[in-house]
Amino acid sequence: MTTFTELGIAPDIVEALAGKGIVDAFPIQEQTIPLALTGQDIIGQAKTGTGKTFGFGLPLIQRLGDDPEPGVQALVVVPTRELCVQVTEDLELATSNRPAKIVSIYGGKAYEGQIEQLKAGAQIVVGTPGRLIDLANQRVLSLAGVREVVLDEADKMLDLGFLPDIEKIFSKIPAVRHTMLFSATMPGPIVALARRFMSKPIHIRATDPDEGLTQANIKHLVYRAHSLDKDEVISRILQAEGRGKTVIFTRTKRAAAKLVEELNDRGFNAAAVHGDLNQDQRERAMAAFKAGKKDILIATDVAARGIDVDDVTHVINHTIPDDDKAYLHRAGRTGRAGKTGIAVTFVDWDDLHKWALINRALEFGQPEPTETYSSSPHLYSDLDIPEGTKGRLKPAASAPPTRSATAGRREGEAAADDASRPARSRSRRRTRGGRSEGEAAVEASGATEGSAAPAEAKEPGAGTHDGKGREHHDGNAAPRRRRRRRGGRSGGAGNAAPTAQA
DNA sequence: AAAAAAG
């Protein structure tokens, strides 16, 4: 393993990282840092969760010098506000021993604080396009002194929705500059387009080109959702032994809002992030999820890219994403930094073509979904979720909720009869802090592993998804079953849930 | 077509 020192990173930065236990460089960092330090333009591509942020962040910081003049000299552009916050935090960590100041410029927030920090002379700006342009137009933000530019999630930043903004931003930045583009996905046409903004870029892939882009440490499970009660099946997955944090993706903001309500009514501890919420709500949801106060995050694609939360063991695609890129980024919220994860996808009747596309593009090797539908749910790939769900994904017969020995105590209330509880009241199941982890990270190289082959997924036993005993979280007792608000089935997930929770 | 991103 290479250290950051060996890659040419200055002692004060190395020390700042070491304070957080970050000592060894990931392959993408090994490959990009020395080159980026020389000012080489770079298109950096590496799998999700393998250290791209520091791949561009450390050389960017170092190239500004240890005591840069006041004024904006480096710009990192990101596609979402939450990622903006996260990247800012990462860069702040790396600069904790030097005076360079970083300011986060994104929408939904008061102007004053951002403007103040700019006036105070911040050298590094991390921002989303809209507010960056806004402040540039107001002449509060000058990009004329920028010499380091990064597009994070670069393929996203260059797609049709963002391209005009990006062009506008680049038009305000001097042509002589150092430019870096990073993403896990870099389609050929986007790379070609990207060259317009770069000079003699080198395309670095920290993966074998013919290896595929899926993380080998993520197991992929795909369900046909036709005639399936998704909420019910998801409830069961959420009760899997060994489940850590879970991100559930929906296609629409409305679906996210509805699902968070449904799951919380069922006694889960979920938060939602999507564009219909105000920024304060979004940030509180993210903070609660990161801190473990909520162990389920329900999100639109706003959280599909870049978001890095420790101990996400499951990603659930409530609705299948649009294409292989979106799939890969969503699934990549788990299996980060060498850990293992599970990605579960539900394929609706109308979305079979999307699954076909993803299956082909990511070389999952699953049978093409051409066979006629029967009324019984069909599983495309093997399962790793609680026994009793396999092959029979209908709601189970109702059964008394399993009150597990590991369930956290409710806050300030005695255990009341579940069924008698008013439907609207929330059960506050405490997420237990201190999930004991103890596992050594799996070989932290996303670069040397083959792509996933879910078809032959074996059954390592619920809870240990690598079969090696890692990832034994024990903080996920089955929530109390709540009376359904809406009519319909009153079936419980109870008897499908693993009974041995302790 | 949806989501994201300025207000």
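Just so you know, these numbers use all the heavy atoms, side chains as well, and skip hydrogens, waters and symmetry mates. Within every chain, numbering begins at 1; the chains are lettered A, B, ... in the order of the sequence lines, protein sequences first and strands thereafter.
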OP1 or OP2 of [N] under 4.0 Å from side-chain N/O of [X]:
X      : N     : value
A/R254 : B/dA2 : no
A/T128 : B/dA6 : yes
A/T300 : B/dA4 : yes
A/R282 : B/dA5 : yes

Can you tell me how far apart OG1 (A/T179) and CZ (A/F56) are? Round to the nearest 0.5 Å.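 It is 13.5 Å, given to the nearest 0.5 Å.
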So [X], base contact, sugar-phosphate only, or nothing? Heavy-atom distance under 4.0 Å.
X      : value
A/G161 : base
A/Y111 : sugar-phosphate
A/D322 : base

Can A/E148 and A/R177 be counted as an ion pair, charged N to O under 4.0 angstrom?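 A/R177 and A/E148: not salt-bridged.
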Assess whether a salt bridge exists between A/D41 and A/K200, defined as any Lys/Arg side-chain N lying under 4.0 Å from an Asp/Glu carboxylate O.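 No salt bridge links A/D41 with A/K200.
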Distance, rounded to the nearest Å, where [X] contributes [atom1] and [N] contributes [atom2]:
X      : N     : atom1 : atom2 : value
A/I133 : B/dG7 : CD1   : P     : 12 Å
A/D350 : B/dA1 : CG    : P     : 14 Å
A/K253 : B/dA5 : NZ    : C1'   : 11 Å
A/R251 : B/dA3 : CZ    : P     : 7 Å
A/L141 : B/dA6 : CG    : P     : 13 Å
A/H318 : B/dA2 : NE2   : P     : 17 Å
A/H274 : B/dA5 : NE2   : P     : 12 Å
A/I166 : B/dA4 : CD1   : P     : 17 Å

Parallel, tilted or perpendicular: rings of A/Y327 and A/H220 (30°, 60°):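 Plane angle between 30° and 60°, so tilted.
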Side chain of A/D134, heavy atoms from C-beta onward: which of B/dA6, B/dA2, B/dA3 has the nearest atom to it?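 Nearest listed nucleotide: B/dA6.
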So if I take every side-chain heavy atom of A/Y106 and compare against B/dA5, B/dA3, B/dA6, which nucleotide ends up nearest?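 Given the options B/dA5, B/dA3, B/dA6, the side chain of A/Y106 is closest to B/dA6.
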Salt bridge (Lys or Arg N to Asp or Glu O under 4.0 Å) partners for A/R251, two or more places apart: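 Salt bridge (Lys or Arg N to Asp or Glu O under 4.0 Å) list for A/R251, sorted by chain: empty.
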